[in-house]
Each structure stands twice: as structure tokens, then as C-alpha cells.
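Keep in mind it's a predicted model, so treat the numbers as computed, not measured. The residues of the chain are indexed from 1 along the displayed sequence.
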Amino acid sequence: MMFLIYECTEWIGSLFSKLFEVQSILFVYSSGRHEKRSDIANVNPSHVFNAAGMTSRPNVDWCESHKVETIRMNVVGTLTLVDVCCEKGLILINYATGFKEEDTPNFIGSFYSKTKAVVEDLLLNYENVCTLRVRKFLTQ
């Protein structure tokens with residue numbers, strides 16, 4: 001088994017390295033975000049995890065004034081990655097914003113959220129995608 005993880009610097013992606021290292025599971029982080037589609041051919045993974053998404057810095061409000069960049073990453077990038085995995089017969093585990101799995105995304109108040117809701121709806125058409133919704137709880 002070889003896991004290919006898209007996005008190593010964000011919360012979810014960084015947790016994988018700790019988990020995989022403890023369990024001696026082979027993994028590689030993508031050398032970039034979705035634009036590095038060649039990583040699938042170069043790594044030849046058995047599993048692909050997508051934890052990448054455009055939120056930018058200092059916070060998600062950046063997406064309001066950078067809509068094209070946000071669409072490229074959150075919609076076009078994700079769909080391209082899913083499609084490449086489909087062609088290669090790979091399951092893609094897609095990590096998404098947390099709410100109940102059976103709920104329809106209803107978090108469309110920001111442009112970032114709109115792109116995530118649009119892509120989740122489109123991903124329902126692919127049989128090779130498993131979307132996991134996670135929620136980050138802050139502790140004091």
C-alpha cells in the first residue's frame with residue numbers, strides 16, 4: 001500500500017503523517033496542490049487522499065476577493081483529481097467541511113463555502129469518491 005496525500009500543510013493532511021508513521025504505513029505527500037496531477041503517475045499510489053482546499057491566509061475571507069483562484073482549486077482542481085483517479089481505478093477519499101453526512105450542504109454564506117458545496121454535489125456523480133466530513137473542535 002502507498003498513500004498519496006494532497007495537502008501536507010493543512011490540519012487534516014498534517015495529521016496523516018503522524019498516524020501513518022505510528023502505524024508504519026507508507027505515504028507520500030503530493031509535491032503541490034491539485035496542479036500536480038502527475039504525482040499520481042509518478043507515485044503509483046494504492047489510495048489517494050484529498051485534504052487540499054483554497055482557504056488562504058489570513059483567513060477564508062481572502063476567497064471573496066480571489067474568486068477565480070478559489071474556483072481553480074476547490075472546484076476545477078478537485079474535479080480533475082477525482083477524474084484522474086477514476087481513470088486509474090483509484091478510490092479518492094475527499095475530506096470536506098464537517099456536518100452530518102446525510103445533510104445537504106447548506107453553508108453557502110461565503111464564496112469559499114459555495115465552491116465546496118458545488119463540488120460536493122458534482123462528486124456524487126463519481127463512483128470512486130468517498131467524502132468524509134470532519135469537524136475541528138478547538139480545545140482550551
Do [X] and [Y] make a side-chain contact, defined as non-hydrogen atoms from C-beta onward lying under 4.5 Å apart?
| X | Y | result |
| --- | --- | --- |
| Phe111 | Ser65 | no |
| Ile40 | Leu90 | yes |
| Phe27 | Met1 | no |
| Tyr95 | Asn50 | no |

Tyr112/Glu64 under side chain to side chain contact (heavy atoms under 4.5 Å, CB included): CA gap, chis, key distance, verdict: CA-CA 7 Å; Tyr112 165 83; Glu64 299 297 325; 5.7 Å; no
Could you point out which residue of Leu81, Val82, Thr78 forms a side chain to side chain contact (heavy atoms under 4.5 Å, CB included) with Asn94? Thr78
Is [Y] reachable from [X] through a run of hydrophobic residues whose side-chain heavy atoms are each under 4.5 Å from the next?
| X | Y | value |
| --- | --- | --- |
| Leu19 | Leu132 | yes |
| Leu26 | Leu4 | yes |
| Leu124 | Leu92 | no |
| Val118 | Val68 | no |
| Val22 | Val28 | no |

Those residues at least two apart in sequence (or on a different chain) that pass side chain to side chain contact (heavy atoms under 4.5 Å, CB included) with Glu127 are none
Return yes if some donor-acceptor pair links the side-chain N/O of Thr115 with the main-chain N/O of Ile71 below 3.5 Å, else return no. no
Quick one: [atom1] on [X] to [atom2] on [Y], what's the gap to the nearest 0.5 Å?
| X | Y | atom1 | atom2 | result |
| --- | --- | --- | --- | --- |
| Thr70 | Lys67 | OG1 | NZ | 9.0 Å |
| Ser30 | Asp39 | OG | CG | 4.0 Å |
| Cys63 | Lys116 | SG | NZ | 10.0 Å |
| Ile5 | Tyr29 | CD1 | OH | 5.0 Å |
| Asn128 | Glu87 | CG | CD | 10.0 Å |
| Ile93 | Thr131 | CD1 | OG1 | 8.5 Å |

Measure the acute angle between the ring planes of Phe3 and His47, then classify it against the limits of 30° and 60° as parallel, tilted or perpendicular. parallel
In chain order, what residues pass the side-chain hydrogen bond (donor to acceptor under 3.5 Å, both in side chains) check against Asp83, with sequence neighbours excluded? Tyr126
Partners of His66 by side-chain hydrogen bond (donor to acceptor under 3.5 Å, both in side chains), sequence neighbours excluded? Trp62
Taking it one step at a time, do Ile91 and Val129 satisfy side chain to side chain contact (heavy atoms under 4.5 Å, CB included)? CA-CA 6 Å; Ile91 299 291; Val129 177; over 6 Å; no
